[in-house]
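Computed from a predicted structure; not experimentally measured.
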Amino acid sequence: MGTAVMVTSGKGGTGKTSLTAGVASCLAALGRRVLCIDVDIGLRNLDLTLGMSDRALMDFSDVMDYRCPLMTAAVEQPEIKGLFLLTAPLTPQGLEEARFRALVEEASEYFDFVFMDSPAGLGEGFQLARSAADRVIVVSAVDPAALRDAQRTVSELRDLEQLHLVMNRVQPKLIAKLRTSIDNAMDTAGLPLLGVVPESPNVTMATAAGVPLILTTYKGAAPAYLNIAKRLLGQRVPLLHIR
């Protein structure tokens, strides 16, 4: 059985979707079968980040309502073997947690990892992903508002055993200016650190071009995504040194 990973954040703008796509792409490049499910209902963007905006024709509600088999609705990224996408519906009507859990359980029979890109905040998409998650990655920036919202999110997830923090879009100058550090960011969120990802213009450029980041560069955020993927596989990898 595969592992269902919920990726969430307390507020928008932390780069959660880019991180989901980047880490999932790296896991597929390392030989794992990975399904990304966009759970950001009505505001889906994961297809853009994965370079699949013209390929995702069916959404996960089609599978839940038995209009389409899972392995027909899930489409493969054309250049990254083993990486699949199941996009979100445009409206939230009729999305029951029990049926979503059943969908993820079925997906776990075919895939090593099921990544659920949940929306920021604690709404319906968050609750759907939470109901099916084996482990959770909470994504935060280093600013006080993002950390406070991340802490609030963590408080809603305490019943899950495997919770991790990723500090994303990190700028060393910003950390110094705010007189903060990665250590007290961990203390504030109350989670073990899974990775540190630098601010990288290449992420925006790759999304605008409709190409997964790892196909465009090995610099910036890309090696950080790879390190996180390796840690999810149980490998001991040092944190990326951001300069």
Side-chain angles (χ1 to χ4, degrees), residues 1-10 14 16-41 46 50 60 63-64 70-71 73-74 82-88 95-140 150-168 186 189-195 197 225-237:
M1 293 288 289
T3 301
V5 181
M6 174 186 182
V7 185
T8 189
S9 62
T14 61
K16 169 185 56 61
T17 296
S18 297
L19 183 121
T20 301
V23 175
S25 296
C26 288
L27 284 166
L30 291 170
R32 271 57 178 188
R33 284 176 58 83
V34 184
L35 174 65
C36 292
I37 304 179
D38 194 336
V39 197
D40 199 347
I41 302 155
L46 188 56
L50 289 172
F60 70 74
V63 181
M64 289 172 58
L70 169 64
M71 297 309 294
L83 178 63
F84 291 75
L85 170 67
L86 184 57
T87 196
L95 301 180
E96 299 175 4
E97 289 184 11
R99 292 169 72 181
F100 184 78
R101 282 197 306 272
L103 182 156
V104 173
E105 288 173 3
E106 180 185 357
S108 296
E109 297 177 3
Y110 297 98
F111 296 94
D112 299 303
F113 288 90
V114 179
F115 272 77
M116 298 172 288
D117 181 25
S118 79
L122 305 176
E124 184 168 7
F126 174 92
Q127 298 299 337
L128 282 176
R130 180 187 183 282
S131 74
D134 298 316
R135 64 197 303 176
V136 180
I137 298 173
V138 178
V139 183
S140 179
Q151 190 174 29
R152 174 75 177 92
T153 301
V154 170
S155 70
E156 297 292 324
L157 298 165
R158 284 300 185 189
D159 59 318
L160 297 173
E161 294 183 0
Q162 298 191 74
L163 299 175
H164 313 277
L165 174 68
V166 169
M167 298 304 302
N168 199 28
M186 292 167 60
L191 296 182
L193 187 65
L194 183 64
V197 183
Y225 293 155
L226 179 61
N227 285 356
I228 292 170
K230 289 179 177 179
R231 289 190 200 98
L232 289 173
L233 294 174
Q235 300 179 29
R236 299 178 67 88
V237 184

Sequence neighbours left out, cut at 3.5 Å: what donor-acceptor pairs do the side chains of residues 22-32 make with other protein atoms?
| from | atom 1 | to | atom 2 | distance (Å) |
| --- | --- | --- | --- | --- |
| Ser25 | OG | Ala21 | O | 2.7 |
| Arg32 | NH1 | Leu30 | O | 3.2 |

About how many Å separate CG of Leu35 and CD1 of Ile37, when rounded to the nearest 0.5 Å? 4.5 Å
Which heavy atom in Phe115 sits nearest to a heavy atom in Val7, and how many Å separate them? CD2-CG2, 3.8 Å
Identify the heavy atoms of Met1 and Glu109 that sit nearest to each other, and give their distance. SD-CG, 3.8 Å
Taking only Lys NZ, Arg NE, NH1 and NH2, and the carboxylate oxygens of Asp or Glu, determine whether Glu156 and Arg152 approach each other closer than 4.0 Å. yes
Does Arg130 use its side chain to pair, donor to acceptor, with the backbone of Leu157 at less than 3.5 Å? no
So, does Asn168 use its side chain to make a donor-acceptor pair with the main chain of Val139 at under 3.5 Å? no
Ile228 and His164: CA distance, side-chain angles, deciding distance, side-chain contact (heavy atoms from CB on, under 4.5 Å) verdict: CA-CA 11 Å; Ile228 292 170; His164 313 277; over 6 Å; no
So with a 6.0 Å cut-off around CD of Gln235, is the heavy-atom count from everything else above 12? yes
Phe113: partners by ring pair (Phe, Tyr, Trp, His ring centres under 6.0 Å), with sequence neighbours left out: none
Rounded to the nearest 0.5 Å, what separates atom CG in Leu165 from atom OG in Ser9? 11.5 Å
Would the distance check show the side chain of Ser140 and the main-chain N or O of Met167 forming a donor-acceptor pair, the cut-off being under 3.5 Å? no
For a 4.5 angstrom cut-off between non-hydrogen side-chain atoms, does Leu86 reach Leu103? yes
So CG of Leu232 and CZ of Arg135: to nearest 0.5 Å the spacing works out to 5.0 Å
Compare every heavy atom of Arg99 with every heavy atom of Met64, then report the nearest pair and how far apart it is. O-NH2, 2.8 Å
Restricting to non-hydrogen atoms, name the atom on Ser131 and the atom on Arg101 that form the minimum distance, rounded to 0.1 Å. O-CD, 2.8 Å
Closest non-hydrogen atoms of Ala107 and Val114, given as atom of the first, atom of the second and distance, are CB-CG2, 3.9 Å
When you look at Val5 and Thr20, which way does the side-chain contact (heavy atoms from CB on, under 4.5 Å) test go after all the steps? CA-CA 10 Å; Val5 181; Thr20 301; over 6 Å; no
Quick one: list whatever passes ring pair (Phe, Tyr, Trp, His ring centres under 6.0 Å) with Tyr225, sequence neighbours left out. none
Please report the C-alpha distance between Ile41 and Leu128 in whole Å, then the side-chain angles of each, then the deciding distance to 0.1 Å, and finally whether the side-chain contact (heavy atoms from CB on, under 4.5 Å) criterion is met. CA-CA 10 Å; Ile41 302 155; Leu128 282 176; 3.9 Å; yes
Any side-chain heavy-atom pair from Phe100 and Met116 closer than 4.5 angstrom? yes
Smallest separation among heavy atoms of Gly195 and Arg231, with atom names: CA-NH1, 3.8 Å
Are any side-chain N or O atoms of Arg33 and backbone N or O atoms of Tyr110, one a donor and one an acceptor, separated by less than 3.5 Å? yes
Given side-chain contact (heavy atoms from CB on, under 4.5 Å), test Thr153 with Val136 step by step and report yes or no. CA-CA 11 Å; Thr153 301; Val136 180; over 6 Å; no
Modelled atom types, side-chain donor and acceptor of Asp117 and Thr17, under 3.5 Å: yes
